[in-house]
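Counting starts at 1 for both ligands and their atoms, following the listed order. Atom set for the values below is all heavy atoms of this structure, side chains included, hydrogens, waters and symmetry mates excluded.
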Amino acid sequence: MVDWRLFEPLFNWARKKSLWIVSFCTGCGGIEMPPLMTSRYDIERFGIIPDPSPRQYDLFLITGYVTPKTLKRIIITYEMAPDPKWVLAHGSCPLNGGVYWDSYNAIKHLDKYIPVDVFIAGCMPRPEAVLDGIHKLMEMIESGEADGWKRYRENYEWYRKNQDELLGEGWREKEARKWIPWLMDKRKEVKE
Ligand code: SF4
């Protein structure tokens, strides 16, 4: 029986060379995504490509402030991706609320709800800073230090408690059920 853990350094090297991004474009930082991915700063040369599928990414970019409504989608998108996966949050807002530190509707510490591997401070950070953060993350992936996905699994009860305190117990089911009347109406419309 092969012990695949022996190959982990090789896997980590390959993982860092082929990061696929799902970008949530939350907050103002979303506007820094296109320059990062086009000819001027060009992250494709590092093997990074954007991909809209929550099943096929391994790098989740949170690009600015997060509201409770968006956080629900972020948690679901995070949980849908297979391991290993990493979260990079840029802008001061996900770090500590930034300029929205006293807003009733902005998340102050994103890492209470999902594990963040690298934060990039700034309001908003320049693409060079984002590239620097991505490089840092690549180094951490190779050395095995980027372990947010393991932390999420090991401390799931703690994350779940924080999520439920903010969003209310059973929020996943309520979100899913919310669409049922709308879907039934659509079905009726199609039949008529
Ligand atoms: S850190 Fe600044 S630029 Fe980024 S989302 Fe917050 S207010 Fe906008």
Next on the checklist: Please report the interatomic distance CD1(I141) to CZ(R15), rounded to the nearest 0.5 Å.
Outcome noted: 9.0 Å
Item to check | Listed partners of Y65 passing side chain to side chain contact (heavy atoms under 4.5 Å, CB included), at least two apart | outcome: C28, C93, Y100
Checklist outcome for this item: Taken to the nearest 0.5 Å, the spacing of W20 CH2 from D58 CG works out to 9.0 Å
Checklist entry - F46 versus L131: any side-chain heavy-atom pair under 4.5 Å? => result yes
Next on the checklist: So, with waters excluded, how many protein N/O/S atoms does atom 2 (Fe) of ligand 1 have closer than 2.8 Å?
Outcome noted: 1
Checklist entry - For Y78, is the NZ or CZ atom of K85 found under 6.0 angstrom from the centre of its six-membered ring and inside 45 degrees of the ring axis? => result yes
Item to check | Spacing of CG belonging to L167 relative to CG belonging to D164, to within rounding of 0.5 Å | outcome: 7.5 Å
